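Each remark here refers to the structure printed beneath this line.
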Amino acid sequence: MSKRTSSPLRLCLMLAKCGPAGLWAPSAIASAELAICDINRAGGLFGRELEVFTTDCGTSAGMAMSNAIASVEVDGADAMIGMFPSYARAEVAQAIGGKLPFIYTPQFEGGEWRRDVITTGETTHELLDVAVSWLARKRRARRFFLCGANYRWPRESFAVARRVIASIGGEVVGEAFQRLGDQDYDLLLQSIGDSRADVVIPMFLGLDAVAFNRAFARAGMAERMVRCAPGLDETILYGLSPDDTENLYSASGYFSSQRSANNGSYLERYHMKFGDHPPPANAYGESVYEGIYSLVALAQATGSLDPGSIRSMLGRVVPRRSARNGSELRPVGSRQSVMIAAIDGYDMRIMSEYSGK
């Protein structure tokens, strides 16, 4: 173990502390603390301890930009880990200006748009390619209704969904957007009912997703229409009742119910650190854990935190730990496994897994 210097390296974890996505903050912070604790115990990075501090992305891109600038100029961030909605990603990258590494960790809509952001989460195409094909085979789905909040992730994901659905001979029978934070779903549910869809693909954030799924079930639609939500995780599930989850599925690169060597090791350390009742382990928190390990692996491979050098190692460096992909560790930037889970009460029962290779 290398000798440490007195000056720690400071990682800024930017996340939503308020608004619909705020419900993921506790698990993201816990997962970051676990990763930092384990990495420091193993010697830190470049002989220096890591420390993490959090900053709020807020509910607007402008607020996220201001807070990102402050995290660098005032708080002295050496790297940025981003686990926040995509409405602010471009502005945060602009604020950082390529001066330090920026690892963006959650699932996102995909697309090549900036070279100074490293993404580690699954793309909409990876998730929906698996989900739509599985629904067509197993549930004979052909008619799809797309709905979600009116910002970048759903808007660009709908374009992806249309292509994927067409590729299996399916049809999009309706699309609808709702203002972020607006939880009055009466008109939307009427449109869904009139569409005679086989499957609804809802793309709402956090608390908005909880409200949508409750309203969907209260309207009596859960028993006759399938929902498959790529953003639905354990934290959202715990906000629902078992009556709200009939015919509900999720597609993700991580579920805490996955039985694997990687996940077993992660959950064991998570519960040892935080006890029997920690924030729920979920894909969003796990993405932060993996993002920090990815940053450390890239930095160790280059011997620096230079953003350009770090990016040059994508696809060539394997992080020391991950909770995903069975017992395999995959290079940073490579595709991940995608799973389909059926929601059964408060359980996420994994139905199928695709390797992503």
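Fair warning: this is a prediction, and the values are worked out from it, not measured in the lab.
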Taking C-beta and beyond as the side chain, do [X] and [Y] meet within less than 4.5 Å on heavy atoms?
{"X": "I310", "Y": "L305", "answer": "yes"}
{"X": "S167", "Y": "R163", "answer": "no"}
{"X": "L240", "Y": "I343", "answer": "no"}
{"X": "V296", "Y": "P319", "answer": "no"}
{"X": "R89", "Y": "E109", "answer": "yes"}
{"X": "Q178", "Y": "C147", "answer": "no"}
{"X": "V317", "Y": "Q300", "answer": "no"}
{"X": "D198", "Y": "V226", "answer": "no"}

Closest heavy-atom contact between [X] and [Y]?
{"X": "P280", "Y": "T235", "value": "CB-OG1, 4.1 Å"}
{"X": "S250", "Y": "L232", "value": "OG-O, 2.8 Å"}
{"X": "A251", "Y": "I340", "value": "CB-CD1, 3.8 Å"}
{"X": "V173", "Y": "A197", "value": "CG2-CB, 3.8 Å"}
{"X": "V117", "Y": "A93", "value": "CG2-CB, 3.6 Å"}
{"X": "L237", "Y": "D347", "value": "CD2-N, 4.2 Å"}

Which pairs of donor and acceptor atoms, one on a side chain in residues 16-26, lie under 3.5 Å apart (sequence neighbours left out)?
| from | atom 1 | to | atom 2 | distance (Å) |
| --- | --- | --- | --- | --- |
| K17 | NZ | T54 | OG1 | 2.9 |
| W24 | NE1 | D233 | OD1 | 3.1 |
| W24 | NE1 | D233 | OD2 | 3.2 |

**Asked** How are the rings of Y151 and W153 set to each other: parallel, tilted or perpendicular (split at 30° and 60°)?
**Response**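 It falls in the tilted class, 30° to 60°.
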Determine whether a donor-acceptor pair (N or O, by modelled atom type, separation under 3.5 Å) exists between the side chain of [X] and the backbone of [Y].
{"X": "E122", "Y": "G253", "value": "yes"}
{"X": "N325", "Y": "S337", "value": "yes"}
{"X": "S60", "Y": "M63", "value": "yes"}
{"X": "N263", "Y": "S256", "value": "yes"}
{"X": "R227", "Y": "P202", "value": "no"}
{"X": "R311", "Y": "P101", "value": "no"}
{"X": "Q107", "Y": "P230", "value": "yes"}

**Message:** Could you go through T124 and S157, starting from their C-alpha distance and side-chain angles, then the distance that decides it, and tell me whether this counts as side chain to side chain donor-acceptor pair (under 3.5 Å)?
**Reply:** CA-CA 6 Å; T124 293; S157 293; 2.7 Å; yes
Gap between atom [atom2] of [Y] and atom [atom1] of [X] - 0.5 Å precision:
{"X": "N262", "Y": "E328", "atom1": "CG", "atom2": "CD", "value": "8.5 Å"}
{"X": "L13", "Y": "T55", "atom1": "CG", "atom2": "OG1", "value": "9.5 Å"}
{"X": "L135", "Y": "I201", "atom1": "CG", "atom2": "CD1", "value": "7.0 Å"}
{"X": "T120", "Y": "Q336", "atom1": "OG1", "atom2": "CD", "value": "8.0 Å"}
{"X": "L100", "Y": "D306", "atom1": "CG", "atom2": "CG", "value": "11.0 Å"}

Under 3.5 Å, is there a donor on one side chain and an acceptor on the other for [X] and [Y]?
{"X": "D244", "Y": "S241", "answer": "yes"}
{"X": "S257", "Y": "R349", "answer": "no"}
{"X": "R155", "Y": "N150", "answer": "yes"}
{"X": "N247", "Y": "E223", "answer": "no"}

**Request:** Run through the side-chain heavy atoms of Ile, Leu, Val, Met, Phe, Trp and Tyr, join any pair under 4.5 Å, and report what else lands in F204's cluster.
**Result:**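 Same cluster as F204: F145, Y185, L188, L189, I192, V200, F212, F216, M221, M225.
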Check side chain to side chain contact (heavy atoms under 4.5 Å, CB included) between [X] and all other residues, then give those that pass, not counting sequence neighbours.
{"X": "I168", "value": "V132, S133, A136, R142, F144"}
{"X": "R218", "value": "R214, A215"}
{"X": "F53", "value": "R10, C12, S71, D75, A77"}
{"X": "A68", "value": "M14, M80, V92, A95"}

**Under the salt bridge (Lys or Arg N to Asp or Glu O under 4.0 Å) test, residues paired with E156 that sit two or more places apart** =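 E156 satisfies salt bridge (Lys or Arg N to Asp or Glu O under 4.0 Å) with R152 only.
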**Message:** Applying salt bridge (Lys or Arg N to Asp or Glu O under 4.0 Å), can you list everything that pairs with R162, at least two apart in sequence or on another chain?
**Reply:**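 In terms of salt bridge (Lys or Arg N to Asp or Glu O under 4.0 Å), with neighbours along the sequence ignored, R162 is linked to E175.
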**Request:** Quick one: do V52 and I81 satisfy side-chain contact (heavy atoms from CB on, under 4.5 Å)? Show the steps, please.
**Result:** CA-CA 10 Å; V52 64; I81 304 294; over 6 Å; no
**Prompt:** Which pairs with one or both residues in residues 124-140 pass salt bridge (charged side-chain N to carboxylate O under 4.0 Å, His left out), sequence neighbours excluded?
**Reply:**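 Output for this query lists E126-R335.
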Can you give the donor-acceptor pairs under 3.5 Å from side chains of residues 270-277 to other protein atoms, not counting sequence neighbours?
| from | atom 1 | to | atom 2 | distance (Å) |
| --- | --- | --- | --- | --- |
| Y270 | OH | P279 | O | 2.7 |
| H271 | ND1 | G275 | O | 3.1 |

Under 3.5 Å donor-acceptor pairs involving side-chain atoms of residues 288-295, not counting sequence neighbours:
| from | atom 1 | to | atom 2 | distance (Å) |
| --- | --- | --- | --- | --- |
| Y289 | OH | R269 | NH2 | 2.1 |
| E290 | OE1 | S322 | OG | 2.8 |
| E290 | OE1 | R324 | NE | 3.1 |
| E290 | OE2 | R324 | NH2 | 2.8 |
| S294 | OG | E290 | O | 2.8 |

**Request:** Could you walk me through whether D208 and L180 pass side-chain contact (heavy atoms from CB on, under 4.5 Å), step by step?
**Result:** CA-CA 8 Å; D208 288 354; L180 191 65; 4.0 Å; yes
**Asked** Can you list the residues that meet the side-chain hydrogen bond (donor to acceptor under 3.5 Å, both in side chains) rule with Y266, with sequence neighbours excluded?
**Response**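 Scan of Y266 (side-chain hydrogen bond (donor to acceptor under 3.5 Å, both in side chains), adjacent residues dropped) gives S31.
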**Message:** Quick check on the 6.0 Å ring-centre criterion: do Y284 and Y254 meet it?
**Reply:**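 No, too far apart.
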